[in-house]
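For reference, the structure is listed below as structure tokens.
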Amino acid sequence: MTGLPETTQLLAELVGFPTVSTDSNVDMITLLADRLAQAGAKVEIIADESGRKANLWARIGPDVPGGILLSGHSDVVPVADQAWATDPFDLHEAEGRLYGRGTCDMKGFIAAAVAMAPVWAERATRRPVYFAFTHEEETGCLGAQALVKLLEGRENLPSIAIVGEPTSMRIIEGHKGCFEYSTHFTGLEGHGSSPDHGVNAVEYAVRYVSRLLDLKEQLKARAPEGSRFEPPWTTINTGALVGGVAHNVIPGRSRVDWEMRPVQKSDGDFVKEDLKHFCEDILLPAMRAVHPEAGITTEVIGEVDGLEPATENEARDIVMELTGANGAGVVPFGTEAGLFQDLGMSVVVCGPGSIEQAHKPDEFIEVSQMQECLGMLDRLSRKLG
């Protein structure tokens, strides 16, 4: 089995790349591509239109259907305004922990997977292993969405996927979706002393938020029977309401940032359809009675389906065998897993580190978790020959 020192060294290199979602990840992807190519993998680097972001797709083993995919995102959240005891982009080991931005979310899993590549190159004679490392997961799974579109027309896709988000090596077979939006209101500015002569964009945004609050309550009654999520229903959160310039000016523009976490796809359709009619039948007629050019537009930041638990799930069964677990759970946070499920793969989320450490200052991963992950991946490699 690949040793922990080699994996830790690779993790140190990965942490050294400050791949905050707003910044380039190309240097890190290039390093990973080189390491995989040295192990004999067929590697593709897929850049976005800007050339500053890239996905990596690679295969070790025969070009046949039914492979096993290992997936992780290369981006990390910012460290600005966080009080770190050490340099967040310089791996620091102390008392059985590896500290650094991205150690658990989720460069630890990526390091373990790539460090195992030479072992898989020897053993993957019957079933291939794939690697998918993406950009901008933290800001809407943008990289994974682009990758999935590219893969849709291909033959010989993997049949199972393991997404290595930090679950403390627990097997996760379900999580909610994550739909994020910014709704923009365009009204008509005017003097605050004559409110009927303007269209107050902030006031209409407030009415929109009120509708979101109504839907938030309605969704509780739509919770699927036996839902294992906490809470068991689809949630809505209003993250920001922005607008206005002064006390005595009718605001002509405003914005509502909001999200929902569907437990089932039908809930997302229910919310969007209700809001469509609310805007078209109630808000817009009132706005345009004063100013015909008034408008409401909703910008889709990201719509990532959840991972729906399946009765038959080869990925779950294999990882249970590899880890010795006797069950699988669900979590409230989102991952890229649902995108791979939409491609027809059976999917689980299972990776080293705790989600409790993700996004926080002094983020760390336990060395024991890295050892446990390497052990699972080594046992997985024996199923490839």
Side-chain angles (χ1 to χ4, degrees), residues 69 71 73 137-142 144-145 147-149 151-152 159-163 165 167 170-183 208-239 256-279 298-317 319-320 327-350 355:
L69 171 64
S71 171
H73 63 82
E137 186 270 351
E138 299 287 4
T139 54
C141 297
L142 304 184
Q145 291 187 75
L147 178 62
V148 164
K149 288 181 181 178
L151 296 176
E152 283 175 346
S159 61
I160 79 168
I162 301 171
V163 179
E165 290 277 6
T167 67
R170 293 172 52 235
I171 301 170
I172 301 303
E173 62 177 342
H175 64 69
K176 297 181 180 183
C178 184
F179 292 10
E180 296 183 347
Y181 306 95
S182 289
T183 301
Y208 189 88
V209 171
S210 179
R211 190 69 170 192
L212 289 175
L213 294 175
D214 289 342
L215 288 166
K216 185 176 181 178
E217 291 303 311
Q218 293 180 44
L219 287 167
K220 294 180 180 180
R222 293 175 58 91
E225 184 175 353
S227 173
R228 295 155 59 194
F229 292 105
E230 179 57 42
W233 50 78
T234 293
T235 59
I236 291 178
N237 179 65
T238 303
V256 176
D257 296 335
W258 61 283
E259 64 147 30
M260 61 175 158
R261 304 280 176 138
V263 299
Q264 52 193 353
K265 291 181 181 179
S266 59
D267 283 351
D269 295 335
F270 167 74
V271 169
K272 289 188 287 185
E273 190 67 17
D274 183 279
L275 290 171
K276 177 176 179 289
H277 288 298
F278 180 64
C279 290
T298 293
E299 174 189 4
V300 179
I301 305 302
E303 290 184 335
V304 181
D305 289 334
L307 175 62
E308 297 191 5
T311 302
E312 296 184 7
N313 187 331
E314 183 189 7
R316 177 195 60 210
D317 297 342
V319 178
M320 284 178 62
V330 300
V331 291
F333 62 83
T335 77
E336 298 169 335
L339 293 166
F340 296 115
Q341 187 178 55
D342 289 343
L343 272 181
M345 302 180 199
S346 66
V347 188
V348 292
V349 182
C350 181
I355 195 66

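Under the side-chain contact (heavy atoms from CB on, under 4.5 Å) criterion, Ile355 pairs with Pro166, Phe333, Ala358, not counting sequence neighbours. Checked against ring pair (Phe, Tyr, Trp, His ring centres under 6.0 Å), Tyr181 has the following partners two or more places apart in sequence or in another chain: Trp258. Every residue two or more places apart in sequence or in another chain was checked for a salt bridge (charged side-chain N to carboxylate O under 4.0 Å, His left out) with Asp317, and none qualifies. Pro224 is linked by a side-chain contact (heavy atoms from CB on, under 4.5 Å) to Ser227, Val263, Gln264, counting only residues two or more places apart in sequence or in another chain. Among residues two or more places apart in sequence or in another chain, the side-chain contact (heavy atoms from CB on, under 4.5 Å) test is passed with Asp274 by Arg211, Leu215. Residues satisfying the side-chain contact (heavy atoms from CB on, under 4.5 Å) criterion with Glu138, sequence neighbours excluded, are Ser21, His73, Asp75, Val77, Asp105, His359. Glu299 is linked by a salt bridge (charged side-chain N to carboxylate O under 4.0 Å, His left out) to nothing, counting only residues two or more places apart in sequence or in another chain. Qualifying salt bridge (charged side-chain N to carboxylate O under 4.0 Å, His left out) partners for Glu152, counting only residues two or more places apart in sequence or in other chains: none. Partners of Thr167 under the side chain to side chain donor-acceptor pair (under 3.5 Å) rule, at least two apart in sequence or in another chain, do not exist in this structure.
Residue pairs that meet the salt bridge (Lys or Arg N to Asp or Glu O under 4.0 Å) test with at least one member in residues 338-349, sequence neighbours left out, are Lys265-Asp342. Pairs engaging residues 328-337 under the salt bridge (Lys or Arg N to Asp or Glu O under 4.0 Å) rule: none recorded [sequence neighbours left out]. Among pairs with a residue in residues 218-231, those fulfilling salt bridge (Lys or Arg N to Asp or Glu O under 4.0 Å) read Glu173-Arg228, Glu217-Lys220, Arg222-Asp267, at least two apart in sequence or across chains.
Looking at Arg316, its side chain does come within 3.5 Å of a backbone N or O of Thr311 through a donor-acceptor pair.
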